[in-house]
Amino acid sequence: MRTTRSEQLFDAARAFIPGGVNSPVRAFGKVGGQPLFVARAEGSHLWDADGNEYIDFVGSWGPMLIGHAHPAILEAVREALEHGTSFGAPTEREVTLAERLCRIVPSLEMVRLCNSGTEATMSALRLARAYTGREAFLKFRGGYHGHGDAFLVEAGSGAATLGVPNSPGVTEGSAKDTRVCDYNDLEAVEAHLASGEIAAVFVEPVAGNMGCVPPLPGFLEGLRAACDRTGTLLVFDEVMTGFRMTAGGAQQHFGVLPDLTTLGKVIGGGLPVGAFGGRREIMEMVAPAGPVYQAGTLSGNPLATAAGSAMPGWIEEHPELYTHLEALGVQPDEGFARIREAHGFPITWHRIGSMGSLFFGEGPIRDWPTVEATSADRFAAFFTGMLEEGFYLAPSPYEALFLSGAHTTEEIDRFLQAAERQLTRVHAEVTA
Ligand SMILES: *Cc1c(COP(=O)(O)O)cnc(C)c1O
């Protein structure tokens, strides 16, 4: 039997890496088959280890907002590389990146750089607890804030995909202060906050780790008001939405300002960068300015901050990026509406900015229970068909699809034609 290079690599990987992958959703567990091993990527395209070419809608799960191997990013990293890969001492690039982030993201007055979204949210939680002197915090069912223990309660993304929203190994102690509400359920949040015991509400201002679920009108404003009434900090986890919806993130788009913001993904331009920041008075509690400990050997790493400052720098100079992304986004809005109308398929398309999701259900979809009620099996069949047609989507029904500045209207047309074929096949199989 002939095996592909990807198959050989996956076999080898499984011998030495749990499940053969270094992050669970990559394993294709929810869609069947086996992961492609990627050899290289450029613009909106990627090539697997067997030389197959795909149009990519994963974008490294969010970071590649301006496309793979973008010259501006490559050039910045190349230049930094020549001068050494890590110093463990402050550098000019960290100042450039921090200044840029504070200039672009409306609520940021100060920011601390770290290495991942997970680190950013863990640190923001510690800070929120220290600032308020309260231990409990609130998150939303199906929301994902990285893999810190306290957040792995009814978590989205890989945890939802694997069906382990509550991970073994998380102690009762670290989970007992996590309160959970359904996304878009403002009344439930208000009831929790009334106790005056909640340090912070952690929210993805557009949910993106249970598929893309935008906030209902008034939800974010309501959270802001409820937090203000009860002395609770509002934390926007913009690891996914930061720089993606608009340069200033969801907070700029909706005009609702959080007390703290966490960032990651796009701000690293594909290198490991995370950040948390917010009001000066809160951030000045972070060590060594204040007593809340937070640190990192590689935080502010020269290669990461080179890519990290090149990314927002390029975006600041190219505001037309968002006009292009919006134009691309309107195509599937119209395309899926037409497909649904023409064939009567029970599908729901959500899109806001350059993130979207196709759900295999009638909708309306507004929270984790309504997401979970959609068909994961039909998604899997659709995913596999699209992959065969050369379109690489996130291998899970609970992940968003990302457009990048490198996609073209012609590629989105081809994507929609393939999607119509695959939806027709999937629904013919269901009714057969
Ligand atoms: C991806 C993501 C994280 C975790 O970031 P990592 O860099 O994977 O640790 C946290 N929050 C949100 C909203 C995310 O989308």
When you measure from the centre of the six-membered ring of Trp47, is the NZ or CZ of Arg40 closer than 6.0 Å and no more than 45° off the axis? yes

First locate atom CG of Leu101, then atom CG of Leu113, and finally report the distance between them rounded to the nearest 0.5 Å. 7.0 Å

Only counting residues at least two apart or in another chain, list the ones meeting side chain to side chain contact (heavy atoms under 4.5 Å, CB included) with Arg103. Arg100, Glu316

Cationic N near anionic O, under 4.0 Å, Asp259 to Arg279: yes

Which heavy atom of Ala307 sits nearest to which heavy atom of Gly268, and what is that distance? CB-O, 3.4 Å

Answer whether the closest heavy-atom distance between the side chains of Ile412 and Pro332 falls below 4.5 Å. yes

Heavy atoms only: give me the nearest Leu263-Gly242 pair and the separation to one decimal. CD2-CA, 4.0 Å

Distance-only check: which donor-acceptor pairs under 3.5 Å involve side-chain atoms of residues 61-70, not counting sequence neighbours?
from, atom 1, to, atom 2, distance (Å)
His68, NE2, Asp56, OD2, 2.6
His70, ND1, Ala72, N, 3.0

With a 4.5 Å cut-off on side-chain heavy atoms, are His427 and Arg378 touching? yes

Who pairs with His350 by ring pair (Phe, Tyr, Trp, His ring centres under 6.0 Å), at least two apart in sequence or on another chain? Phe359

Distance in Å, Leu303 CG paired with His83 NE2, rounded so as to fall on 0.5 Å steps: 12.0 Å

Among Arg338, Arg425, Arg340, find the one that has a salt bridge (charged side-chain N to carboxylate O under 4.0 Å, His left out) with Glu420. Arg338

Decide yes or no for Pro395 and Arg26: does some side-chain heavy atom of the first lie under 4.5 Å from some side-chain heavy atom of the second? no

Check: Phe276 and Glu119 side chains under 4.5 Å, non-hydrogen atoms: no

Student check: side-chain heavy atoms of Cys212 and Ile352 closer than 4.5 Å: yes

Modelled atom types, side-chain donor and acceptor of Glu411 and Ser44, under 3.5 Å: yes

Run the ring pair (Phe, Tyr, Trp, His ring centres under 6.0 Å) test against His318 and tell me which residues pass, sequence neighbours left out. Trp314

How long is the span from the OG1 atom in Thr348 to the CD1 atom in Ile365, to the nearest 0.5 Å? 4.0 Å

Can you tell me how the ring of Phe151 sits relative to the ring of Phe137, calling it parallel under 30°, perpendicular over 60° and tilted otherwise? perpendicular

Could you walk me through whether Val189 and Leu223 satisfy the side chain to side chain contact (heavy atoms under 4.5 Å, CB included) test, starting with their C-alpha distance in whole Å, then the side-chain angles of each, then the deciding distance to 0.1 Å, before giving a yes or no? CA-CA 8 Å; Val189 176; Leu223 292 181; 3.8 Å; yes

Under a 4.5 Å cut-off applied to non-hydrogen side-chain atoms, are Phe402 and His407 in contact? no

Okay, side chain of Thr305, backbone of Gly308: is any donor-acceptor separation there less than 3.5 Å? no

Excluding sequence neighbours, so at least two apart, what forms salt bridge (Lys or Arg N to Asp or Glu O under 4.0 Å) with Glu53? none

Which distance, rounded to the nearest 0.5 Å, do you find between the CD of Glu320 and the CG of Leu325? 10.5 Å

May I ask you to check whether Gln294 and Arg126 show a side-chain donor-acceptor distance below 3.5 Å? no

Kindly write out the residues that satisfy ring pair (Phe, Tyr, Trp, His ring centres under 6.0 Å) with Phe140, not counting sequence neighbours, or none if the list is empty. Tyr183, Phe219

My understanding is that only residues two or more places apart in sequence, or in another chain, count here; which of them pass side chain to side chain contact (heavy atoms under 4.5 Å, CB included) with Arg280? Glu109, Met110, Glu284

May I ask you to check whether Glu94 and Thr91 show a side-chain donor-acceptor distance below 3.5 Å? yes

Regarding Arg78 and Glu82, does a basic nitrogen lie under 4.0 Å from an acidic carboxylate oxygen? no

Apply side chain to side chain donor-acceptor pair (under 3.5 Å) to residues Arg5 and Gln8 and explain how you reach the verdict. CA-CA 5 Å; Arg5 184 74 188 130; Gln8 291 165 2; 3.0 Å; yes

Are the charged groups of Glu154 and Lys139 less than 4.0 angstrom apart, N to O? no

CA sep, side-chain torsions, deciding dist, call: Asp413, Gln331, side chain to side chain contact (heavy atoms under 4.5 Å, CB included): CA-CA 8 Å; Asp413 277 339; Gln331 286 182 265; 3.0 Å; yes

Would you say the side-chain atoms of Thr121 pair up with the backbone N or O of Gly117, donor to acceptor, closer than 3.5 Å? yes

Determine, step by step, whether Thr232 and Val201 satisfy the side chain to side chain contact (heavy atoms under 4.5 Å, CB included) criterion, reporting the C-alpha distance in whole Å, the side-chain angles of both residues, the deciding distance to 0.1 Å, and the verdict. CA-CA 7 Å; Thr232 309; Val201 173; 4.1 Å; yes

Residues two or more places apart in sequence or in another chain: which of them pass salt bridge (Lys or Arg N to Asp or Glu O under 4.0 Å) with Asp333? Arg351

What's the verdict on side chain to side chain donor-acceptor pair (under 3.5 Å) for Asn209 and Tyr398, showing C-alpha distance, side-chain angles and the deciding distance? CA-CA 6 Å; Asn209 286 288; Tyr398 311 131; over 6 Å; no

List in chain and number order the residues that pass ring pair (Phe, Tyr, Trp, His ring centres under 6.0 Å) with His45, two or more places apart in sequence or in another chain; answer none if no residue qualifies. none

Can you find a heavy atom in the side chain of Leu216 that is under 4.5 Å from one in the side chain of Leu186? no

I need the Asp149 CG to Leu125 CG distance, nearest 0.5 Å. 11.0 Å

Run Leu220 and Phe236 through side chain to side chain contact (heavy atoms under 4.5 Å, CB included) and show every step you take. CA-CA 10 Å; Leu220 297 176; Phe236 275 7; 4.2 Å; yes

Considering only heavy atoms from C-beta outward, does the side chain of Val203 approach that of Asp237 to under 4.5 Å? no

Between Glu238 and Thr261, do the side chains contain a donor N or O and an acceptor N or O under 3.5 Å apart? no

Please enumerate all residues that pass side chain to side chain contact (heavy atoms under 4.5 Å, CB included) together with Ala419, with sequence neighbours excluded. Phe336, Phe382, Met386

For the residue pair Phe57 and Phe415, does the interplanar ring angle fall in the parallel (under 30°), tilted (30 to 60°) or perpendicular (over 60°) class? tilted

Residues which pass side chain to side chain contact (heavy atoms under 4.5 Å, CB included) with Ala12, listed by chain and number, not counting sequence neighbours: none

Say whether, by atom type as modelled, one donor and one acceptor occur between the side chain of Asn301 and the main chain of Ser86 under 3.5 angstrom. no

Looking just at side-chain N and O atoms, do Ser309 and Arg93 make a donor-acceptor pair shorter than 3.5 Å? no

CZ-OG distance between Arg244 and Ser404, expressed to the nearest 0.5 angstrom: 8.0 Å

For residues 19-38, pull every pair meeting ring pair (Phe, Tyr, Trp, His ring centres under 6.0 Å), keeping only residues two or more places apart or in separate chains. Phe28-Phe383

Can you spot which of Asp185, Asp367, Asp182 makes a salt bridge (charged side-chain N to carboxylate O under 4.0 Å, His left out) with Arg141? Asp182

